[in-house]
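We count ligands from 1, going down the list as the structure has it; atoms in each ligand are counted the same way. Computed from heavy atoms alone, side chains included, the values below leave out hydrogens, waters and symmetry copies.
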Amino acid sequence: MQTVTNPAEYEGLYRQWAGRKIALVPTMGALHEGHLALIRMARRFADKVVVSIFVNPLQFGPQEDLSDYPRPKEADLASCRDAGVDAVFYPSVEVMYPNGTDCATQVIPPESLTDRYCGAFRPGHFVGVATVVLKLLALIRPHIAIFGEKDAQQLAVIRAMVKDLQVQVEIMAHPLVREMDGLALSSRNRYLQTEAERKAALCLYQMLSQVQRLVQEAPQPLLTSEILAQVSNQVLSEQDPSVPIRLQYFEAVEDSTFRPATSLNPGVRLLIAAYVGDVRLIDNWLIQ
Ligand code: AMP
């Protein structure tokens with residue numbers, strides 16, 4: 001496995017790989033089984049797999065966890081090596097933003113995709129995401145790029161960017177990967193320090209699966225606003241009061257358009273974000 005830190009180093013590899021199908025898996029590191037599932041998918045669909053590891057300052061707000069974000073470099077490189085990755089692109093902030101983040105050209109995704117959910121709670125986040133992903137696609141020039149459904153709004157933003165800017169890459173999505181008990185895998189799960197916090201983090205999954213159950217049992221389509229409020233109140237009322245939980249949003253969108261869904265039918269995606277203690281977690285669920 002090669003570790004490259006700048007575009008010039010990658011250029012050598014790219015030339016050697018002429019004629020091979022290249023897949024890119026963009027990550028911020030602190031790799032877990034969710035990332036590894038994306039890497040395995042990349043290996044199935046391409047000859048050469050590049051994983052980028054870059055904690056992108058442009059997508060963090062001023063009050064967010066940029067400086068605390070975990071960066072276990074050696075463990076990440078070992079995971080990539082074990083997973084059969086061909087190259088890790090591990091650039092510094094200076095390599096990605098030579099003129100600083102303030103002076104960089106930025107990609108603005110359509111407001112219709114970013115005015116709600118994570119976009120509303122994290123102003124500027126999706127500009128940062130779209131900008132860094134476009135830069136990575138331009139640098140690595142993969143045939144396919146793989147993203148997780150864990151970040152459903154991010155996936156919608158990236159699909160729209162690639163379509164609107166006519167970027168020649170195929171975007172593929174991997175289903176969300178969970179722990180055995182339902183917790184969505186996330187690099188931020190390592191911030192859940194106590195047993196009580198870890199248990200409380202399950203409330204996101206509990207709300208999602210509870211709605212799925214109600215939809216399956218209901219004789220006719222359920223109204224989104226009523227049901228989501230009822231389920232979130234019930235699940236939150238059952239939690240251990242020693243761990244504060246702050247729900248940011250619990251909403252439903254049409255999966256194909258990402259616009260609000262008024263009733264809960266199959267093909268609607270539930271989206272949820274909550275602070276569990278100090279840890280912000282997101283999850284989502286495609287209703288069946
Ligand atoms: P991150 O390192 O958090 O930026 O994630 C890198 C990629 O891995 C993104 O496309 C995420 O959607 C994906 N990912 C992270 N966690 C999961 C998960 N639990 N299941 C599926 N994909 C995931």
Heteroatom proximity flag, Leu185 to ligand 1, N/O under 3.5 Å | yes
[X] and [Y]: side-chain donor and acceptor closer than 3.5 Å?
| X | Y | result |
| --- | --- | --- |
| Gln230 | Gln234 | no |
| Gln210 | Arg213 | yes |
| Gln154 | Gln59 | no |

For Val132 and Met96 the tightest heavy-atom approach is CG2-CE, 3.9 Å
Can you name the nearest heavy-atom pair linking Val243 to Gly277, along with the distance?
-> CG1-N, 4.0 Å
In the protein, what heavy atom is nearest to [atom], and what distance, to one decimal place, separates them?
| atom | result |
| --- | --- |
| atom 6 (C) of ligand 1 | Pro26 O, 3.3 Å |
| atom 15 (C) of ligand 1 | His32 CE1, 3.9 Å |
| atom 20 (N) of ligand 1 | Val177 N, 2.8 Å |
| atom 4 (O) of ligand 1 | Met28 CG, 3.6 Å |
| atom 10 (O) of ligand 1 | Gly148 N, 2.8 Å |

Proximal ligand 1 atoms for Phe147, defined as those under 4.0 Å from one of its heavy atoms = 10 (O)
If you count the atoms of ligand 1 from 1 in the order shown, which ones are under 4.0 Å from a heavy atom of Leu176?
-> 20 (N), 21 (C)
Closest to atom 9 (C) of ligand 1 (heavy atoms only, candidates Lys150, His35, Gln154) is Gln154
Nearest to atom 11 (C) of ligand 1 by heavy atom, Asp76, Asp151, Leu36: which?
-> Asp151
Starting at CG of Leu38, measure out to OG1 of Thr27 and round the result to the nearest 0.5 Å.
-> 9.5 Å
Is the Tyr117 ring parallel, tilted or perpendicular to the Phe258 ring (thresholds 30°, 60°)?
-> perpendicular
Parallel under 30°, tilted from 30 to 60°, perpendicular over 60°: which one fits the rings of Tyr69 and Phe60?
-> perpendicular
Going by heavy atoms, is Glu33 under 4.0 Å from ligand 1?
-> no
Sub-4.0 Å heavy-atom contact, Ala30 with ligand 1 = no
What part of Leu38, side chain from CB on, backbone N/CA/C/O, both or neither, has a heavy atom under 4.0 Å from ligand 1?
-> side chain
Side chain to side chain contact (heavy atoms under 4.5 Å, CB included) with Leu264: which of Ile227, Leu214, Leu223?
-> Ile227
